[in-house]
2 protein chains.
Amino acid sequence: MLRAARYRAPPSHGRALAAPGHYAGLVRIGRMTAALTTDTVGTKVLLAEQLDRWEEVGEDLVAINVNDLAAVGARPAAIVDTILCGSAERSVFRRIGRGVHRGLVAARCSLVGGETALVGEIVRGIDLGATAFGFFPDGRRPILGDRIRAGDRVLGLPASGLHANGFTLVRHLLRGRSVPLGRPRPGGSVPLGEELLTPTRTYSGPVDAIADLPGVVGLAHLSGGGVRNLSRLTSSGRFVLDGWPEPPPLFAWLQGLGGLTAREMFQTFNMGVGFAVVVRPRSESLVRRRLARARAGEVLALGSVTRGTGVEVSAHGVRYEGYVDARPDPPRTRSPGP
Amino acid sequence: MLRAARYRAPPSHGRALAAPGHYAGLVRIGRMTAALTTDTVGTKVLLAEQLDRWEEVGEDLVAINVNDLAAVGARPAAIVDTILCGSAERSVFRRIGRGVHRGLVAARCSLVGGETALVGEIVRGIDLGATAFGFFPDGRRPILGDRIRAGDRVLGLPASGLHANGFTLVRHLLRGRSVPLGRPRPGGSVPLGEELLTPTRTYSGPVDAIADLPGVVGLAHLSGGGVRNLSRLTSSGRFVLDGWPEPPPLFAWLQGLGGLTAREMFQTFNMGVGFAVVVRPRSESLVRRRLARARAGEVLALGSVTRGTGVEVSAHGVRYEGYVDARPDPPRTRSPGP
């Protein structure tokens, strides 16, 4: 958004590297490359507030940021939080802190500072933001997607739930309907509020286990924008995802609630897959072995790359010809790196 | 605030270093130490909004963050911004971006990414936040204040105005009084609104010019908390500032408006000095020469360190026995590093 701020520092102050299509910014200092990502939990906090449950969004706060680091192959090292609020209730912060702690454990990174601003004139309720700092150990190079080519395979790592995207739409769908958050939705097993708040899965560990392999050529965190985030990686390949599994029932239920199209769903929610890994065919089995050793759990064969551009999720009749930043929901625009 | 989030990553993920009393967090990766600071412009944006002037707060956004990096002796390399708003007016972002650009030029650092979240349900107006990443070039060590001892001299670098602190109080003082922002205050030469919005001075350049000198033992950004920030540096020395100059007339005018005590003023505003440098007596002339070469402008002899704790600004009859985080204004609490 801040296109006017295009100044580039002299090399003695670090060299900004281009990372087109990525949320992480990269800067090279001597022989070390640092990656920075910043993101907020967004309107998911409004649900946390409504239910007075704070640990989940605390965990989200770490996960959403380190997952954007993972999308360039960086290892997370440190986080700083920025919390804006109108009042500082001790017990709320304690619970957010416990969730952040869990997120740190999952990502193996440290909280090294933060800012809590009591700005009741600016913020209603609370906003949870953070910045994550990561690096590329032992000569590892950033994985930016520029080497993706026809024939590559696309693997997927399942999501833990909605993660922290699409909540403006979710809250809109629930509004005015008598859907009690304290009880399971039809077919659900835990109270709906709890199901919706399930913390974002952290992909740092699995990604760290494969990011040194030259056969790993693309990584994508399927956050805001859903599967369309894949198409940001390259303009010289089309992602044909004919192996996308049936999304978990929560998504179908939400879709039915709002009478939404599959196209709307796939560009707003993760639809069951939170992270994608693009690999050379000859590396697939090694990548799978490494992921298994890192206890990544199920690894989905989503599809492959063909000539062209865009993304299609064949089984669900969804086709996107490219990445467009203007989305109906969530109304968040994020400026990728330089 | 997030005391529960005390997890420390294994060394392979970077080692968090303690920086007691500082807003910057430090993490060591191999032989490189990174510093991270995060801060928001706070309620100064409400004045910017009222006057529809955005470049100044854009410049502030960079300055307040890189100045916290300067307070540990780090050189700024990169910034990421986090802007929360209810609506994205193109012209507002363009002007913020121009201000950020100026801040980047002053700090010699690059904007490498950012997030603009349209979260009208959370934020009224706009919030401007950012995180800055800095490093310690060529074996430079962080300057944390732990070597400060009786006999050291305290130098000051003048502020450009109010910077970005105390605005909740300023707005409170102006409310209900017929003080037109479009005209100069009594004795002023520019319109009051413009005077209040004057961007924060960037201290990165001058500090970078002296941070390699072993005789520089303490650095303090006099932001929220004013001169009391000095006392956060050490508990084994008292800062006796008998050379503090008469604060610029704007401060006396604000003080009169609210019938405030000098004590309240000095712990809320910078009172004319935005940055302090603590040096060994034998290094003072070298530090002054380096500052002159870096075009730091006027360097004030604020006073010296004696045995004891706390801060006193003798000429103004102000004494603080230590740093207390609970301040009447601005109502912001910031969690220093681990």
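Residue numbers begin at 1 in each chain, while the letters A, B, ... track the order of the sequences.
With chain A as partner, the option from B:V62, B:V105, B:I79 having the largest number of non-hydrogen pairs under 4.5 angstrom is B:V105. Chain B forms the most heavy-atom pairs under 4.5 Å with one residue out of A:T82, A:T131, A:V80, A:I122, and that residue is A:I122. Counting heavy-atom pairs closer than 4.5 Å to chain B, the top-ranked of the candidates A:I96, A:D127, A:D208, A:T43 is A:D127. Heavy-atom pairs under 4.5 Å with chain B were tallied for A:A77, A:G103, A:G58, A:S110; the largest tally goes to A:S110. Across A:G14, A:A78, A:C109, the residue that shares the most heavy-atom pairs under 4.5 angstrom with chain B is A:C109. Per-residue heavy-atom pair counts under 4.5 Å with chain B were compared for A:R6, A:R15, A:H13, A:H101, and the maximum is reached by A:H13.
Contact of B:V27 with chain A is made through the side chain alone, with heavy-atom distances under 4.5 Å. Interface residue A:L46: only side-chain heavy atoms are found under 4.5 Å from chain B. Heavy atoms of A:R108 lying under 4.5 Å from chain B belong to its backbone as well as its side chain. The part of B:I29 that comes within reach of chain A is its side chain, from C-beta onward, which places non-hydrogen atoms under 4.5 angstrom from that chain. Contact annotation for A:P137: neither backbone nor side-chain heavy atoms come within less than 4.5 Å of a heavy atom of chain B. Only the side chain of B:F135 comes within less than 4.5 Å of a heavy atom in chain A; its backbone stays farther off. Only the side chain of A:R171 comes within less than 4.5 Å of a heavy atom of chain B; its backbone N, CA, C and O stay farther away. Only the side chain of A:R31 comes within contact range of chain B, with heavy atoms under 4.5 Å apart. For a residue to count as touching a neighbouring chain, one of its non-hydrogen atoms must lie under 4.5 Å from one of that chain's; by this rule B:A34 touches chain A with the side chain only. Contact annotation for A:I126: only backbone heavy atoms (N, CA, C, O) come within less than 4.5 Å of a heavy atom of chain B. Within the 4.5 angstrom heavy-atom criterion, only side-chain atoms of B:I83, from C-beta onward, approach chain A.
The pair B:R175-A:E121 meets the salt-bridge criterion, with a side-chain N (NZ, NE, NH1 or NH2) lying under 4.0 Å from an Asp/Glu carboxylate O.
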Original post:
Are A:R124 and B:V123 close enough, and set up right, to give a side chain to side chain contact (heavy atoms under 4.5 Å, CB included), and what steps lead you there?
Top reply: CA-CA 6 Å; A:R124 292 175 247 261; B:V123 80; over 6 Å; no
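In this structure, A:R8 and B:L111 approach most closely via the heavy-atom pair NH1-O, 3.3 Å. Scanning all heavy atoms of the two residues, the minimum distance from A:A117 to B:T40 falls at CB-OG1, 4.4 Å.
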